[in-house]
Amino acid sequence: AQGVDVVLCLDVSHSMLCEDIKPSRLEFAQALIANLLQQLQPDDRVGLVVFGGSGFPLCPLTHDRSIVQTYLTLLEPSVMVYNPTTYLAEGLRAAIKLLRRSTQPRQSSAASAVRGGVIVLISDGEDQGSDWQSAAAECAKAGVPVFAFGIGTTKGAPVPELTETGAVRGYKRDLQGAIAVSRLTTETLTAIARKTKGKVFLPADTRKEVAALMAELEGYRKRVWTRQVALWRELFPALILLSALLLMGEAWLGRQRTLT
């Protein structure tokens, strides 16, 4: 069976350190991804993008799950100090760029379609003003579905304030001086998934929701490669005819050279 390319797009902003899901949103997301890596098909490739105020491709697409897992374990609070904000658009754009770079190295068109690629967005859904709508539209135009895992609770939790070493020194406060609370925002994730023909999962149990994602990916895999096989079947007679014409033309030219 043909594999698919899966780019994991992980939110590493400060709100992912909230503890409304134990031990924290980030650690829950890491456990979810570890489970997901074990469930993917051998032919699937996996890449990792992290984002907060900007998006960064941490690991290129690879069949080696251990490489992705190694990068994943490096994501600790100390490396999240410089990602206090959340811009979903930055994560999505970095993910679609990674898919294009890996699947179409010779294509320069930024609007080109991506065959057999999906984005798995793992975030609490909060966004501090990025144009995530246009980023979602870009994914949709490329034919890349976004499957989103919403990490957190609607009740929320205080957002930790970090020192330069990543230690928690207190909690962020809003403009009125009250402790800032981060809450799971499903509206953005749902809108992104709907725009790209993906789906939203709200995991209380990592195994159950990962199994649901695997079912979605299996359906996607069959749709993509069934269309590809159908396209080749449509093109096959034309390719045979073209080959026959080329052979006839080559034979005619060879005869002409012999006569002259």
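These figures come from a predicted structure and were not determined experimentally.
Contact annotation: the side chain of L32 approaches that of V210 to within less than 4.5 Å [non-hydrogen atoms, C-beta and beyond]. The side-chain heavy atoms of V6 and L40, taken from C-beta on, include a pair separated by under 4.5 Å. Side-chain contact check for Y220 versus V4: some heavy-atom pair is nearer than 4.5 Å. Proximity of D20 to K155: side-chain heavy atoms (C-beta onward) are nowhere separated by under 4.5 Å. Contact of the I192 side chain with the V200 side chain is not registered, since no non-hydrogen atoms from C-beta on lie closer than 4.5 Å. Side-chain atoms of D5 and V118, non-hydrogen and from C-beta on, never get closer than 4.5 Å to each other. Side-chain contact between P158 and C18: absent, with no pair of heavy atoms (C-beta onward) separated by less than 4.5 Å.
When all heavy atoms are compared, the tightest approach of P57 to V49 is CA-CG2, 4.0 Å. Scanning all heavy atoms of the two residues, the minimum distance from F28 to K22 falls at CD1-O, 4.4 Å. Taking every heavy atom of both residues into account, P145 and G117 meet most closely at CD-O, 3.6 Å. Considering every non-hydrogen atom in both C9 and I119, the closest pair reads CB-CG2, 3.9 Å. Contact between K199 and A193 at its shortest, heavy atoms only, is N-CB, 3.6 Å. Residues L92 and A136 approach most closely at CD1-N, 4.2 Å, considering heavy atoms.
Counted by atom type alone, S15 and D124 present one or more donor-acceptor pairs between their side chains at under 3.5 Å. If you check the side chains of S66 and D64, you find a donor sitting under 3.5 Å from an acceptor. Side-chain contact of E90 with S130: a donor-acceptor pair under 3.5 Å is absent, judged by distance alone.
A single hydrophobic cluster is seen to contain both M214 and L37, as judged by linkage of ILVMFWY side chains at heavy-atom distances under 4.5 Å, directly or through other members. In this structure, L162 is not a member of the same hydrophobic cluster as I179, with clusters built from ILVMFWY side-chain heavy atoms closer than 4.5 Å. Taken together through direct or relayed side-chain contacts under 4.5 Å among Ile, Leu, Val, Met, Phe, Trp and Tyr, V181 and I151 form parts of separate hydrophobic clusters. The hydrophobic clustering, which links ILVMFWY residues whose side-chain heavy atoms are closer than 4.5 Å, places V159 and M16 apart. Hydrophobic clustering (ILVMFWY, side-chain heavy atoms < 4.5 Å, transitive): F56 and I33 are in one cluster.
Considering OH of Y171 and CG of L17, their distance stands at 10.5 Å, rounded to 0.5 Å. To the nearest 0.5 Å, the span separating CD1 on I122 from CG on L10 amounts to 5.5 Å. Rounded to the nearest 0.5 Å, atoms CG (L189) and CZ (F201) are 12.0 Å apart. Put simply, CD on E161 and NE2 on H14 are 7.5 Å apart, with the number rounded to the nearest 0.5 Å. Once rounded to the nearest 0.5 Å, the distance linking CG of D127 with OG1 of T85 reads 9.0 Å. The structure places CH2 of W132 at 6.0 Å from OG1 of T188, a figure rounded to the nearest 0.5 Å.
Within 6.0 Å of CZ on F147 lie more than 12 heavy atoms contributed by other residues, nucleotides or ligands. The number of heavy-atom neighbours closer than 6.0 Å to NZ of K97, taken from other residues, nucleotides and ligands shown, is 12 or below.
Remark: the backbone N or O of R194 is not paired with any side-chain donor or acceptor of K197 at under 3.5 angstrom. Without hydrogens or angle criteria, R45 side chain to D43 main chain gives no donor-acceptor distance under 3.5 Å. For Q30 (side chain) and L75 (main-chain N/O), a donor-acceptor pair under 3.5 Å exists by modelled atom type. Within the 3.5 Å criterion, the main-chain N or O of R183 finds a donor-acceptor partner in the side chain of E126. Side chain of T190 to main chain of E187: no donor-acceptor pair is present (N/O by atom type, distance under 3.5 Å, no hydrogens or angles). In this structure, T86 contributes its side chain and S13 its backbone to no donor-acceptor pair below 3.5 Å.
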- prompt: What do the steps show when you test E27 against I21 for side-chain contact (heavy atoms from CB on, under 4.5 Å), and what is the final call?
  reply: CA-CA 9 Å; E27 291 178 80; I21 290 185; over 6 Å; no

- request: Could you walk me through whether V12 and F51 pass the side-chain contact (heavy atoms from CB on, under 4.5 Å) test, one step at a time?
  value: CA-CA 6 Å; V12 294; F51 71 96; 5.9 Å; no

task: Could you give me the CA-CA distance, side-chain angles and deciding distance for V7 and L48, then say whether side-chain contact (heavy atoms from CB on, under 4.5 Å) is met?
output: CA-CA 6 Å; V7 173; L48 178 62; over 6 Å; no

task: Please test V68 against R65 for side-chain contact (heavy atoms from CB on, under 4.5 Å), starting from the C-alpha separation and ending with a verdict.
output: CA-CA 5 Å; V68 183; R65 311 288 191 261; 5.7 Å; no

message: I'd like to know whether R93 forms a side-chain hydrogen bond (donor to acceptor under 3.5 Å, both in side chains) with S134, so could you lay out the CA-CA distance, the side-chain angles of the two residues, the decisive distance to 0.1 Å, and finally the verdict.
response: CA-CA 10 Å; R93 290 194 175 107; S134 66; 2.7 Å; yes

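A salt bridge links D44 with R221: the distance from a Lys NZ or Arg NE/NH1/NH2 to an Asp or Glu carboxylate oxygen falls below 4.0 Å. Between E138 and R100 there is a salt bridge, with a side-chain nitrogen of the basic residue lying less than 4.0 Å from a carboxylate oxygen of the acidic one.
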